[in-house]
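Just so it is clear, the values below take in all heavy atoms, side chains as well, and ignore hydrogens, waters and symmetry mates. The sequence lines fix the lettering, A, B, ..., with proteins before strands; numbering per chain opens at 1.
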Protein chains: 2
Amino acid sequence: MVTETGQARRPTSFDVAKKAGVSRATVSHILNGQGSRFPEETRNRVLNAASELKYQPSPAGRALVTGRSDVIVVVMPNTTFGSNLQDLVDEVTRLAGLHGLSVVVRFAGRDPAETLAAVMNFRPVAVVNFGGLSRDDQTTLAASGAATIPSAARDEDASGKDPNFLIGQRMAEELLRDGPRPLVFAALLDERTDPFGPARYAGLKAVTDARGLPQPARIEVPLDIVGATLAVDTVSVEGASIGVACYNDHVAIAVLAAGRTLGLATPEDLAVIGVDATEVGQLVSPRLTTIALDNSVLMRKIAADLEAVTKHKAPIQTQDAGREFLTVIQGETS
Amino acid sequence: MVTETGQARRPTSFDVAKKAGVSRATVSHILNGQGSRFPEETRNRVLNAASELKYQPSPAGRALVTGRSDVIVVVMPNTTFGSNLQDLVDEVTRLAGLHGLSVVVRFAGRDPAETLAAVMNFRPVAVVNFGGLSRDDQTTLAASGAATIPSAARDEDASGKDPNFLIGQRMAEELLRDGPRPLVFAALLDERTDPFGPARYAGLKAVTDARGLPQPARIEVPLDIVGATLAVDTVSVEGASIGVACYNDHVAIAVLAAGRTLGLATPEDLAVIGVDATEVGQLVSPRLTTIALDNSVLMRKIAADLEAVTKHKAPIQTQDAGREFLTVIQGETS
DNA sequence: CCCCGAACGTATCACGTGTCAAAATCTTTT
DNA sequence: AAAAGATTTTGACACGTGATACGTTCGGGG
């Protein structure tokens, strides 16, 4: 029953076995690392046959028998996707490739349950969570056999602090550098759909509390001039100066635009700080003061976790304990 | 051989069959639309059993037997990923969900062959190409049974023109609105890795040719102030005015920043136009003149193609023939 | 009464793989 | 030379599904 029409059938492990003159089981063993038990001569025969046939194991076949697909799902918040996260994804893809894994990117949609279901449907070997999966989701995932990476970096780093809390703290310190002033937290979105906002706000608040200042206000700043102006107008006080800690650089740019419209001088009346150190933020005038996040630390953590997961070992303790993962880029807006 | 430890086994179609008191084959038939042959009573019994057990067919099992996974791969250029594309991906995800398909996002990496291999490895039912897959890649994909979507929108729309060519034309027309001036095309990247650049440049050139102007220069503008200034300095002429058509809004912002550094007045000495109508572009000062792309047209095309693919019918001819898919947003930079 | 077709349901194969237990072969020891 | 051990190889099963082709039942027409 040969199908004359249509695309050529991909070679299977059976084809490799036939060409190498061994059984399919032998091929499978050798191609999956258990090959040390075989004499070099046999191993080479199989390896050569496989590469000559350009044999690629069927993902479906593997997934069916192992109950797990060779896939890593990267879950991203559907908030602005800066080049920051882009680079991170590229790097994860590269790393995963080293372990023979494919990477799938999934944006966390409006419905968290749907996102979780979609992720679980892939039966991934691991899930890289850049935001969008709650802690509950992670335990559900763990129960289904998929490790969440970075193992806890989004919740607490080596020093036991949530990185986003630290970001909030640093933003507050920077905004209060030249003396006390009321602080405002400028979010982009509804709090429920913002994975990082609450922790950052907490960081801000920790600083104002410590210094006996009133607790920061919170506004939602849409990325258009009219909406942003309205939002900023809510918190700007006649003749007084305020410091606005923004969700990211884009929000900061919106706040600055609003300030221009409202005739506020920067940084005197309106000090602004962003997060992400976007390229655009350094190209606008005035140049943005912003927080640069050191992805390399996070990336090393991810790499280590990934290594651990694929090797079925416990996550390695990273050595980045005291390392600063965030830097203030001093612009002209604070 | 019951595994006491570990997660609960997911229900299989066999479990559904048992609960409904029928055979597994019946379940398969009814759950795959071939159920019209069965009396309503049986059908309901199976359907209820399936929903009570929260039965989800195993993707691996399906993929193995059908030779195709219920997946749509969205290939994105690894250039800046604006909210533009983000929305598009969200919409594709929603649409695919309606057909019971999952969406996988893949960024086109440095190595096109590797990207293609990764995409083919998923054996997707269709591939949505937002840039990064060459025409050759598409035919390879087609040979493997995966349709490329939008079927030809990236190459020619209903009027037979490449959209990117049209974008180039419009940019030129806008920049030459107030009289002739030398034009420059500001790319972000190396031309080989830029999926849209060449066609846009061709659009520019078509206009300058038609008007008897010198052909546009081409510069690569990195997104930092020093690099951008160097690049712009290359093409700025003492006392004369130039018009710069940019790859996207971010590049336009970089060109503007360079112009400020070089002491060029905008739009008199340096007119700039971007593409994408980014939110940030409308928040900076001066407000960017830019080209807004109407995703709804592209999206309808994708939706139609998707429908066609899942229904195994030929792509429907969309009715958007004469519709403008791009709009100039008049800012303060041209 | 017999046969037939329609209606309904199911046994069975095929997909490609990983792995266990057992078989086959080779090597060493008694 | 036979037994015991070590090394190398393989047969066979399981994974969960879609679909083809085949059975079974039942009512009715010849």
Side-chain angles (χ1 to χ4, degrees), chain A residues 1-3 6-7 9-18 20-46 49-50 53-71 100 121-123 125 145 312, chain B residues 1-3 6-7 9-18 20-46 49-50 53-71 100 121-123 125 145 312:
Chain A
M1 200 70 75
V2 186
T3 59
Q7 52 273 10
R9 200 175 53 82
R10 289 199 357 172
T12 73
S13 69
F14 181 79
D15 298 325
V16 176
K18 200 167 54 179
V22 296
S23 84
R24 209 184 50 71
T26 304
V27 172
S28 179
H29 278 139
I30 289 181
L31 260 41
N32 289 312
Q34 330 270 24
S36 54
R37 315 180 310 151
F38 295 85
E40 181 145 1
E41 198 266 329
T42 307
R43 203 163 52 218
N44 285 341
R45 245 188 10 245
V46 169
L53 263 54
K54 297 195 199 312
Y55 168 69
Q56 298 267 101
S58 145
R62 305 183 117 245
L64 187 58
V65 69
T66 60
R68 197 148 304 286
S69 65
D70 292 345
V71 159
N121 199 41
F122 279 108
R123 299 171 177 286
V125 61
H312 301 290
Chain B
M1 198 73 74
V2 186
T3 57
Q7 52 273 9
R9 199 176 53 83
R10 290 200 358 169
T12 73
S13 70
F14 182 79
D15 297 324
V16 176
K18 200 168 52 181
V22 295
S23 84
R24 206 184 54 73
T26 305
V27 172
S28 178
H29 278 138
I30 289 182
L31 260 41
N32 289 311
Q34 329 270 24
S36 56
R37 314 182 309 146
F38 295 87
E40 182 145 359
E41 197 267 329
T42 307
R43 204 162 51 217
N44 285 340
R45 240 185 20 243
V46 170
L53 265 61
K54 299 195 197 312
Y55 167 69
Q56 298 268 99
S58 144
R62 304 182 61 115
L64 186 58
V65 68
T66 61
R68 195 150 304 289
S69 66
D70 292 344
V71 159
N121 199 41
F122 279 109
R123 300 178 177 288
V125 61
H312 302 292

Minimum heavy-atom distance between His29(B) and Phe38(B), given as atom pair plus value =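 Heavy atoms only, the tightest pair is CB-CE1, 3.8 Å.
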
Any Ser23(A) side-chain nitrogen or oxygen under 4.0 Å from OP1 or OP2 of dT10(D) = yes

request  = Pick base, sugar-phosphate or nothing for Thr26(B), based on heavy-atom distances below 4.0 Å to the nucleic acid.
outcome  =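 The answer is base, as Thr26(B) lies within the cut-off (heavy atoms under 4.0 Å) of a base atom.
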
query = Can you find a side chain N or O atom of Ser28(B) that sits less than 4.0 Å from OP1 or OP2 on dA19(D)?
reply = no

query = Given atom CZ of Arg123(B) and atom P of dT17(D), what is their separation to the nearest angstrom?
reply =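 The answer, rounded to whole Å, is 20 Å.
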
query = Looking across every strand, which nucleic acid part, if any, lies under 4.0 Å from Ala25(B) by heavy atom: base, sugar-phosphate, or nothing?
reply =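 Here Ala25(B) touches the bases of the nucleic acid.
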
inquiry  = The side chain of Arg62(B) is closest to which nucleotide in this list: dT10(C), dG18(D), dG9(C)?
reply    = dG18(D)

request  = Output yes when a side-chain donor or acceptor of Ser13(B) lies under 3.5 Å from a complementary backbone atom of Ser28(B), and no otherwise.
outcome  = no

key: 5' priority, DNA chain C, between Glu41(B) and Thr66(B) [closest heavy atom]   =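 Residue closer to the 5' terminus by nearest nucleotide: Glu41(B).
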
query = Taking only residues two or more places apart in sequence, or in another chain, which ones meet Arg123(A) in a salt bridge (Lys or Arg N to Asp or Glu O under 4.0 Å)?
reply =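 Arg123(A): no salt bridge (Lys or Arg N to Asp or Glu O under 4.0 Å) contacts found.
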
request  = Considering just the side-chain nitrogens and oxygens of Ser13(A), establish if one lies under 4.0 Å of OP1 or OP2 belonging to dT17(C).
outcome  = yes

ask   = How would you list, by chain and number, every residue that makes a salt bridge (Lys or Arg N to Asp or Glu O under 4.0 Å) with Arg24(A), sequence neighbours excluded?
value = none

message = As a test of reading the structure: which of dG18(D), dT10(D), dT17(C) is closest to the side chain of His29(A), going by heavy atoms?
response =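 Closest nucleotide among those given: dT10(D).
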
message = If you define the side chain from C-beta out and look only at heavy atoms, does anything of Val71(A) sit under 4.5 Å from Phe122(B)?
response = yes

remark   = Between CZ of Phe14(B) and P of dG16(D) the distance, given in whole Å, is 11 Å

query = Nearest to the side chain of Pro39(A) - dT8(D), dG18(C), dT10(C)?
reply =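 Of the options given, the side chain of Pro39(A) lies nearest dT8(D).
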
inquiry  = Between Asn44(A) and Glu41(A) (side chain of the first, backbone of the second, donor and acceptor by atom type, cut-off under 3.5 Å), is there such a pair?
reply    =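 Such a contact is absent between Asn44(A) side chain and Glu41(A) backbone.
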
key: DNA chain D: 5'-proximal contact among Arg24(B) and Arg45(A) (nearest heavy atom)   =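 Between the two, 5'-proximity favours Arg45(A).
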
ask   = Bend angle of the helix from dC1(C)-dG30(D) to dT30(C)-dA1(D) from five-pair axes at both ends, rounded to 10°?
value =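 Inter-axis angle at the ends, rounded: 80°.
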
query = Within the distance-only criterion (no hydrogens, no angle test), does the side chain of Arg45(A) pair as donor or acceptor with the backbone N or O of Ala20(A) below 3.5 angstrom?
reply =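 Checking the backbone N and O of Ala20(A) against the side chain of Arg45(A), a donor-acceptor pair under 3.5 Å is found.
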
task = In whole angstrom, give the distance that lies between atom CG of Leu31(B) and atom P of dG9(C).
result =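 Distance check: Leu31(B) CG to dG9(C) P gives 15 Å.
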
inquiry  = I want to verify a distance call: between dC15(C), dT10(D), dA19(D), whose nearest atom is closest to the Leu64(B) side chain?
reply    = dC15(C)

